[in-house]
Q: 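For reference, the structure I am asking about is given below.
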There are 2 protein chains.
Amino acid sequence: MQEAVEIVSEKGLNALTMSTLSAKVGVTEGALYRHFSSKNELIMDILNDIFLETTSQISEATSRKQSNAAKLQQIMENQLFLFKQRPAIANLLFAEEYFLTNHDIKILIYSIINTIQLYIQEIFENGKNSNEFKHNLNPRHISMMFLGTIRMLVMNWKLSDYQWDLPAQGKVFYHSFLEIIEEKNLNQ
Amino acid sequence: MQEAVEIVSEKGLNALTMSTLSAKVGVTEGALYRHFSSKNELIMDILNDIFLETTSQISEATSRKQSNAAKLQQIMENQLFLFKQRPAIANLLFAEEYFLTNHDIKILIYSIINTIQLYIQEIFENGKNSNEFKHNLNPRHISMMFLGTIRMLVMNWKLSDYQWDLPAQGKVFYHSFLEIIEEKNLNQ
DNA sequence: CTTTTGTAAGTAAATATTCACATACATGCA
DNA sequence: TGCATGTATGTGAATATTTACTTACAAAAG
């Protein structure tokens, strides 16, 4: 699974074939089928790992005692750092083309993204209640805008051939994002 | 090219093969090579059409005499309507997996997205100058957030099996977006 | 001695592309 | 009008390569 992730990181999901994987691992293709009944199962196992890793990171950030803005920043940082270290994670989570033809994978990706979105939505709800964020925010909408911003950043990062630093750009965007959603206390 | 767009709309870019296309058109595969020197050329020709269509729609919206907010809304509406009518356009513009291996296509998609982003950036700049939008907006950042929101909407739409109406949801999101970037004139 | 894990060599289907050859049609010329 | 020539467009079959997956058999490990 690690070698598979490496292939996807370096050359994309399309480059992950049983042939390239077996060569990289140093066994025959048949040996892979001793451990995974199909290529889809392999991908889903990897996705499940990503699911666990991502949600544990997010829930850790959520449960920590810090402002909602800080939680948001930590989640964005962690996520972009994950993408930077293992681009496969971005490639797999955003493999829209792939899940068009595979129902199981689609369901899995859907639940991953949905879970993440709900975590973030909760942060916006709390931030609203504590007057940290503006009262007129729609938590669901703004959480999707937040994720969309990350999505767009990653897309541009790929289009740039990974030329610039993703987490660094994320920080810049985070501040722009915060600027427009923060409640400015006029009485201070 | 029309039939190719239909295939991509219905079954995704991966389903577009010279074999499926020739069957749909009702000719042999060889005949296709009388008109396109390669599959890549076919895709790039289609992308060029999309480029022209999209940018002309955007520049039309930009040049019309209307508020910057209205321009933004019109662009979003047009774009989502295009995606709804021909999902191939979304599939092709967001075919990140595909352009990982093909440099020419990557460059083309990059220039399309970049052009769109610059148009939108300009709207935010003008909106700032006319006090329509908040003065603390970063036009580049906010334009990417705007596109990211659209990107995320389309992704969710696909994950939902196109169950809900994309332009309608777009309208809802547009209003949420406007709400947080609009300059509220406190003196009125 | 049974179970796990591997190999070597296959499978059928799909992929983009090419080939020699055929047809249709317009233009130019006798 | 009658015929030759050139060009655009098609066919049908073949190409080499890649794909996910299978099968018969062997070694190793507990």
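Quick note on labels: first sequence line is chain A, next is B, and so on, each numbered from 1. Only a predicted model underlies this, so the values are computations on that prediction, with no experimental measurement involved.
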Q: Could you give all pairs that pass the side chain to side chain donor-acceptor pair (under 3.5 Å) test and reach residues 16-32 of chain A, with sequence neighbours left out?
A: A:E6-A:K24, A:T17-A:T20

Q: Students often mix this up, so state it plainly: with edges at 30° and 60°, are the rings of B:F124 and B:F177 parallel, tilted or perpendicular?
A: tilted

Q: Could you tell me the separation between the CZ atom of A:F36 and the P atom of C:dT5, rounded to a whole number of Å?
A: 12 Å

Q: State, to 0.1 Å, how close A:A88 and A:V5 come at their nearest heavy-atom pair, and which atoms those are.
A: CB-O, 3.2 Å

Q: CG of B:N102 versus P of C:dT15: gap in Å, rounded?
A: 18 Å

Q: State whether B:R86 and B:E53 are salt-bridged, where the test is any N-O pair (Lys NZ or Arg NE/NH1/NH2 against Asp/Glu carboxylate O) under 4.0 Å.
A: yes

Q: So which protein N/O to nucleotides 11-15 of chain D N/O distances come out below 3.5 Å?
A:
from, atom 1, to, atom 2, distance (Å)
D:dT11, OP2, B:T28, N, 2.6
D:dT11, OP2, B:T28, OG1, 2.9

Q: Rounded to the Å, how far apart are B:M18 CE and C:dC19 P?
A: 15 Å

Q: Tell me whether the OP1 or OP2 atom of C:dT15 has a side-chain N or O from B:T17 closer than 4.0 Å.
A: yes

Q: Using C1' atoms of five pairs at each end, report the bend of the helix from C:dC1-D:dG30 to C:dA30-D:dT1 rounded to 10 degrees.
A: 0°

Q: Hey, are B:K71 and B:E122 close enough for a salt bridge, meaning a charged N less than 4.0 Å from a carboxylate O?
A: no

Q: Which whole-number value in Å describes the distance from A:L21 CG to D:dA20 P?
A: 10 Å

Q: Please give me the minimum heavy-atom distance between B:M18 and B:L32, naming the atom from each residue.
A: O-CD1, 3.5 Å

Q: For the pair made of CG in A:N14 and C1' in D:dA20, what is the distance, rounded to whole Å?
A: 14 Å

Q: Please determine whether side chain to side chain donor-acceptor pair (under 3.5 Å) holds for the pair B:N40 and B:N102, giving the CA-CA distance in whole Å, both sets of side-chain angles, and the decisive distance to 0.1 Å.
A: CA-CA 9 Å; B:N40 260 331; B:N102 191 296; 3.0 Å; yes

Q: In Å and rounded to the nearest 0.5 Å, what is the CD1 to OG1 distance from A:I75 to A:T54?
A: 11.0 Å

Q: Rounded to whole Å, please give me the gap between NE2 in B:H35 and C1' in C:dT18.
A: 16 Å

Q: Working to the nearest 0.5 angstrom, can you tell me the gap between B:F94 CZ and B:E96 CD?
A: 8.5 Å

Q: Measure the distance from OH on A:Y33 to C1' on C:dT11 and round it to the nearest whole Å.
A: 12 Å

Q: Can you tell me how far C1' of C:dT17 sits from CG of B:L42, to the nearest Å?
A: 14 Å

